[in-house]
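Lettering of chains follows the sequences in order, A, B, ..., and the numbering in each one begins at 1.
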Amino acid sequence: MRHLFALVDCNSFYASCEQVFDPRLKGRPVVVLSNNDGCVIARSAEAKAVGIRMGQPFFEQQELILRHGVQVFSANFTLYGDMSNRVMEVLRQFSPHMEIYSIDEAFLDLRGFRGNLEEYGRRIKSTVYRWTGIPVSIGIGPTKTLAKIANRISKHHLDTKGVFDITDHPEIDRLLEAVAVGDVWGIGRRFVKFLNSRGVTNARQLRDLPDKFVKQQMTVVGLRTVTELRGQPCLRLEDLAAFKKNLLSSRSFGRPLTERSEMEQAVAEYAALSAEKLRRQRSLASAVSVFIETDSFRQGPQYGNFATAGLAVPTAYTPEIIRAAEAALAKIWLPGYIYKKAGVLLSQVIPESDFQLDVFAYDGGIRIKRSLMKAMDAVNQRWGRNTVYYAAQGVQRPWGMRQKRLSKRFTTRWEEIPTVKA
DNA sequence: TCTGGGGTCCTAGGACCC
DNA sequence: TCTGGGGTCCTAGGACCC
């Protein structure tokens, strides 16, 4: 049977989440900032219209923001994660097979669907909006890459009303010619530069390039993209959530660090965060790496380094991960620098089930460690992150994130649930 | 002038995504 | 004053083996 994909993408997702819980924000320019209130990472349509740029530092756009009365929010990932789950639950009702591609996007498998696809898409769109308050756009096509393009078209052309099907479109060439080559999924900055230098500027030209040339210059990855543009699927729907082979927790500090004791706390904090992610996907790690770096935007001596410490036995036990992280940090720590960022990477990750214990041998206390972690995760799940934590993570945390404009956790904390006054 | 022919595994780095 | 965070896949090249 012929393949058919729908890509459902939430419009200005983070900004839309903020708008759901404060109706006064509807129709007004809204932006959401990255951690530490650094860059703009989401903009409502109105914010785009007044010229706020994506990924640009907040302070550079402050004048524009003031002039247009743009509402500004610190990133509230607890809220966005929960809203994402709600949207995905609604989508699940419209197709037996679905791939959650990112926090705000999902592919639906529509193979074998009979009837008017765009009409079906509009039903999906209005149901998601009514049940969650989040507006979405939907692109439909015979390959994921074409569904992505159809999605772009649905966003840019008002007459599509947010849903566009590109399958067997009579004017496919004209449509693809209107898509810049850099807007094709899988074509990044480097290849745009290369392709432009060869006179290839739009998706239609890319589609019509000879296989041999594409493979030579852009590897099999590029060839897949081109083949998909021709309507021949190379990428399947990935039903199951991908098992992560690396888990990274890293963060810039709210203010720079110079003391080793503070760096140790920050690294312990990120190690604990990574260990939590590890347990969430029921896995164990055998290697812990740490990196630290100074602020490249500032003048002054720069330093950055990376080191790994192995674990004798694969584990997800926070104290063991913290200990390994501190061993790795010891290898690279140099005093005298002003540090801005650090991170902890867990690798050689395996499913918990691959590591079976010998029933008769001493288990190294693993059962107790497991129950302890389970209890800790449950408490933190119920009462909020870091309700219980290790002393190594520090109590004061002067280096913690700046989040001056955080909205409430409307959907995950009873104390912060919105109330309606009569 | 000559310096085999494979194969596997690992790592670093590049490119991309949201 | 102020510049995000977290992933994946592929390739090339080196080490090592027979």
Side-chain angles (χ1 to χ4, degrees), chain A residues 7-14 31-42 53-63 65-66 72-77 80-81 84 99-107 144-145 148 151-152 181-195 214-225 228 234-235 238 241-256 270 273-274 276-278 280-281 287 289 291 293-299 306 308 310 338 340-349 401-405:
Chain A
L7 174 65
V8 183
D9 185 319
C10 301
N11 301 342
S12 315
F13 183 54
Y14 302 160
V31 299
V32 175
L33 304 178
S34 62
N35 283 340
N36 285 313
D37 296 344
C39 296
V40 170
I41 56 169
R53 303 258 304 274
M54 182 74 168
Q56 289 281 110
F58 172 50
F59 72 92
E60 283 178 17
Q61 312 196 71
Q62 201 143 31
E63 195 252 338
I65 283 169
L66 279 174
V72 181
F73 291 90
S74 301
N76 186 344
F77 289 110
Y80 311 150
S84 171
E99 172 186 343
I100 298 175
Y101 179 69
S102 75
I103 193 165
D104 69 338
E105 277 173 75
F107 286 101
K144 284 179 158 183
T145 304
K148 273 265 188 188
N151 189 282
R152 269 191 76 78
V181 75
D183 291 331
V184 175
W185 193 38
I187 305 298
R189 272 211 327 273
R190 287 299 293 265
F191 284 135
V192 168
K193 216 171 148 199
F194 166 75
L195 289 166
V214 175
K215 171 114 192 251
Q216 246 168 36
Q217 303 294 331
M218 304 168 69
T219 80
V220 296
V221 183
L223 187 56
R224 277 205 284 259
T225 297
E228 286 234 322
C234 301
L235 304 170
E238 309 283 347
F243 180 85
K244 298 208 167 68
K245 299 162 190 143
N246 297 294
L247 293 164
L248 175 71
S249 298
S250 77
R251 216 130 295 172
S252 301
F253 307 128
R255 71 147 172 77
Y270 303 162
L273 248 172
S274 309
E276 226 179 288
K277 293 182 191 173
L278 201 55
R280 212 173 302 145
Q281 68 164 13
S289 309
F291 70 83
E293 57 195 42
T294 51
D295 188 349
S296 54
F297 288 101
R298 295 264 84 83
Q299 297 283 322
F306 177 95
T308 303
I338 300 169
K340 180 63 183 168
K341 185 174 180 179
V344 173
L345 174 73
L346 303 182
S347 51
Q348 296 174 39
V349 175
M401 252 197 284
R402 281 190 310 274
Q403 295 181 305
K404 278 202 270 190
R405 305 151 182 275

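- Ranking C:dT11, C:dT3, C:dG4 by closeness to the A:N35 side chain, first place goes to C:dG4.
- Among the heavy atoms of the strands lying under 4.0 Å from A:S249 are primed sugar atoms or P, OP1, OP2 only; no base atom is included.
- When heavy atoms are screened at a 4.0 angstrom cut-off, A:K404 is found touching no nucleic acid atom at all.
- The phosphate of C:dG6 (OP1 or OP2) has a side-chain N or O of A:R251 nearer than 4.0 angstrom.
- Proximity note for A:F59 (side chain, C-beta onward) versus C:dG4, C:dC2, B:dA15: the nearest is C:dC2.
- Residue contacts for A:L33: at a heavy-atom cut-off of 4.0 Å it reaches no nucleic acid atom on any strand shown.
- For A:K341 and C:dG5, the shortest distance from a side-chain N or O to OP1 or OP2 is below 4.0 Å.
- Across all strands, A:I187 comes closer than 4.0 Å only to sugar-phosphate atoms, never to a base (heavy-atom distances).
- Looking at A:S289, its side chain never comes within 3.5 Å of a backbone N or O of A:T308 through a donor-acceptor pair.
- When rounded to the nearest whole Å, the span between OH of A:Y101 and P of B:dC18 equals 5 Å.
- Taking only side-chain atoms of A:S102, from C-beta outward, the nucleotide of C:dT11, C:dC2, B:dC18 with the closest atom is B:dC18.
- Nucleotide B:dC17 has C:dG6 as its partner under the Watson-Crick or G-U criteria, with both atom distances under 3.5 Å.
- The side chain of A:S252 contributes an N or O atom lying less than 4.0 Å from OP1 or OP2 of C:dG5.
- A donor-acceptor distance shorter than 3.5 angstrom exists from the side chain of A:S274 to the backbone of A:Y270, with no hydrogens or angles considered.
- Nucleic acid contact class of A:E105 (heavy atoms, under 4.0 Å, all strands): sugar-phosphate only.
- Across all strands shown, A:N246 has heavy atoms under 4.0 Å from sugar-phosphate atoms exclusively, and none from any base.
- Between A:K148 and A:L7 there is a side-chain heavy-atom pair separated by less than 4.5 Å.
- Residue contacts shown for A:F58 are absent, as no nucleic acid heavy atom lies under 4.0 Å away.
- In this structure, A:K277 reaches the C:dG7 phosphate: one of its side-chain N or O atoms is under 4.0 Å from OP1 or OP2.
- Between A:K144 and A:E238 there is no salt bridge, since none of the side-chain N atoms of the basic residue sits less than 4.0 Å from a carboxylate O of the acidic one.
- Across all strands, A:K193 comes closer than 4.0 Å to no nucleic acid atom at all (heavy-atom distances).
- Backbone-only engagement by A:D104 is indicated by non-hydrogen atom pairs under 4.0 Å involving sugar-phosphate atoms exclusively.
- Distances shown here put every side-chain N or O of A:R255 at or beyond 4.0 Å from the OP1 or OP2 atom of C:dC2.
- The distance between atom CZ of A:R224 and atom C1' of C:dC10, rounded to the nearest whole Å, is 9 Å.
- One can place CG of A:N76 at 16 Å from C1' of C:dG5, the figure rounded to the nearest angstrom.
- One finds a salt bridge joining A:R280 and A:E276 here, because a Lys/Arg side-chain nitrogen approaches an Asp/Glu carboxylate oxygen to under 4.0 Å.
- As judged by a 4.0 angstrom heavy-atom cut-off over every strand, A:V192 is placed among residues making no nucleic acid contact.
- A:K245 has a side-chain polar atom (N or O) that falls below the 4.0 Å cut-off from OP1 or OP2 of C:dC9.
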